[in-house]
Each structure stands twice: as C-alpha cells, then as structure tokens.
Amino acid sequence: VQLVESGGGSVQTGGSLRLSCAASGFPFADWGIGWFRQAPGKEREGLSCVHVNDGTTRSTYYADSVRGRFTISSDVAKTTVFLQMDNLQFEDTATYYCAGGWGYACYPSLEGNEYTSWGQGTQVTVFS
C-alpha cells in the first residue's frame, strides 16, 4: 500500500487547508486511513480516522483537540481520504501524516499502532 499526502502549506490563523491522502494498492475492501501530526519536540498525535468497508464508511473518529474544526471524508472509489482543517491555530503547526491499513486500525483512541503503511508527510504552518 502506498500513501501520498498533499495539500499542506502556510496559512494565517483562522484560515483553512484541505489535506489529501491518496492510497493505492489496498488488497482488501475493508480499510482504514488515519491522520496524524507531529510537531518538533512533541509526540505523534492521532487526529482522525475513517473506516471503510465494502465501499461504505462505517465509522469516523476525532481527537478532542480537533473535533469541530477538522472534518475527515473519503472518496471511496479513488481510495482517497481528505482532512478539511478549519479555524487553524498556531498550535496546529506540524508535519501531517496519513496512515493506512485494515479497517480495525481505525479506532477511537487513534493510537495508530495497527497501520501498516505511512505517507511521507506534508507540512502545515500556521502564522499570525
């Protein structure tokens, strides 16, 4: 499975960005993709994930830090997952990664330990 993120960039506080994660090579109809971020000197943080089975979204989860500001969605036909990020704040500055694997990899705690593939990351910088 290969994952390619895109959509990062620099944005002013309060602005929006939309990240994309294009996945290829999923050998199964039950898959999950999660979004994570890591800022310098900080641990990786799970943000959101989506579980898709047989072309239908089964569940989505969000971290408290982004619930209400970030929205995860998917184009199932293209196996692409998006992360719409609104009302961005300085503390959202980080490298953002997507990860993919079986559907069970997406669960409420968003730890991400079950994912088998990771993207290369895309930088998001929020300035005032």
Side-chain angles (χ1 to χ4, degrees):
V1 178
Q2 290 188 321
L3 303 170
V4 179
E5 302 103 334
S6 61
S10 297
V11 63
Q12 201 165 13
T13 302
S16 299
L17 285 174
R18 189 192 195 206
L19 304 183
S20 298
C21 175
S24 60
F26 270 126
F28 32 78
D30 181 270
W31 52 268
I33 287 180
W35 283 99
F36 300 80
R37 67 186 178 190
Q38 189 164 20
K42 294 187 177 181
E43 293 186 353
R44 185 184 72 195
E45 179 186 11
L47 305 176
S48 180
C49 68
V50 59
H51 172 198
V52 174
N53 182 272
D54 285 338
T56 301
T57 298
R58 300 299 183 183
S59 56
T60 57
Y61 301 106
Y62 294 93
D64 290 342
S65 60
V66 303
R67 186 177 292 112
R69 298 189 300 126
F70 291 10
T71 303
I72 195 168
S73 61
S74 59
D75 181 336
V76 176
K78 297 181 179 179
T79 325
T80 299
V81 173
F82 306 98
L83 187 69
Q84 176 67 38
M85 306 187 296
D86 297 320
N87 191 23
L88 283 162
Q89 303 298 311
F90 176 76
E91 52 267 31
D92 294 316
T93 296
T95 301
Y96 284 67
Y97 301 88
C98 64
W102 286 93
Y104 64 74
C106 172
Y107 48 87
S109 68
L110 299 168
E111 292 176 350
N113 296 327
E114 306 293 340
Y115 291 108
T116 56
S117 300
W118 290 79
Q120 80 288 352
T122 185
Q123 179 66 35
V124 171
T125 302
V126 184
F127 60 93
S128 59

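Distance check, rounded to the nearest 0.5 Å: CD1 of Ile33 to OG1 of Thr80 gives 7.5 Å. Atom-to-atom distance recorded for Cys98:SG and Trp35:CH2 is 4.5 Å, nearest 0.5 angstrom. To the nearest 0.5 angstrom, Leu83 atom CG is 7.5 Å from Tyr62 atom OH. Distance check: Leu47 CG to Tyr96 OH gives 6.0 Å after rounding to the nearest 0.5 Å. Separation of atoms OG (Ser20) and CZ (Phe82) is listed at 4.5 Å; rounding is to 0.5 Å. Interatomic distance, CZ of Arg18 versus CG of Asp86, reported as 11.0 Å (0.5 Å rounding).
Within a 6.0 Å radius of CZ in Phe90, no more than 12 heavy atoms belonging to other residues, nucleotides or ligands are found. A 6.0 Å sphere centred on CD of Gln2 holds no more than 12 heavy atoms belonging to other residues, nucleotides or ligands.
Between Leu19 and Met85, some side-chain heavy-atom pair lies under the 4.5 Å cut-off. When side chains are defined from C-beta on, Val4 does not count as touching Cys21, because their heavy atoms never get closer than 4.5 Å. Considering only heavy atoms from C-beta on, Thr60 stays 4.5 Å or farther from His51 through its side chain. Counting heavy atoms from C-beta on, the side chains of Trp31 and Val81 come closer than 4.5 Å. The shortest side-chain heavy-atom distance between Leu110 and Cys49 falls under the 4.5 Å cut-off. Between Phe127 and Ser10, the closest side-chain pair of non-hydrogen atoms falls below 4.5 Å. A 4.5 Å side-chain heavy-atom check between Val11 and Thr125 finds every atom pair outside the cut-off. Contact check for Tyr97 versus Arg37: no side-chain heavy atoms found under the 4.5 Å cut-off.
Side chain of Glu5 to backbone of Gly121: a donor-acceptor contact under 3.5 angstrom is found. With hydrogens and angles disregarded, no donor-acceptor distance shorter than 3.5 Å links the side chain of Arg58 to the backbone of Asp54. For Thr122 (side chain) and Gly8 (main-chain N/O), a donor-acceptor pair under 3.5 Å exists by modelled atom type. When atom types are taken as modelled, the side chain of Thr93 and the backbone of Val126 share a donor-acceptor pair closer than 3.5 angstrom. The main-chain N or O of Gly103 is found under 3.5 Å from a side-chain atom of Asp30 such that the two form a donor-acceptor pair. A donor-acceptor contact shorter than 3.5 Å is absent between the side chain of Gln38 and the backbone of Phe36.
Residue Leu17 comes nearest to Gly7 through the heavy atom pair CD2-O, 3.9 Å, listed as atom of the first residue, atom of the second, then distance. Residues Asp92 and Arg69 come closest through the heavy atom pair OD2-NH1, 2.7 Å. The shortest heavy-atom contact between Tyr61 and Cys106 is CD1-SG, 3.5 Å. Closest approach of Ala39 to Ala94, counting heavy atoms only: N-CB, 3.9 Å. Closest heavy-atom contact between Leu3 and Gly100: CD1-N, 3.2 Å. Looking at every heavy atom in both residues, Gly101 comes nearest to Thr116 through CA-OG1, 3.8 Å.
Between Tyr115 and Trp102, the distance separating the two ring centers is not shorter than 6.0 angstrom.
Side-chain atoms of Thr95 and Gln123 include a donor-acceptor pair closer than 3.5 Å. Glu45 and Ser65 share a donor-acceptor pair across their side chains, judged by distance under 3.5 Å alone.
There is a path of hydrophobic side-chain contacts, each under 4.5 Å, that joins Val76 to Ile72. Hydrophobic clustering, with ILVMFWY side chains joined whenever heavy atoms are under 4.5 angstrom apart, keeps Trp118 apart from Val1.
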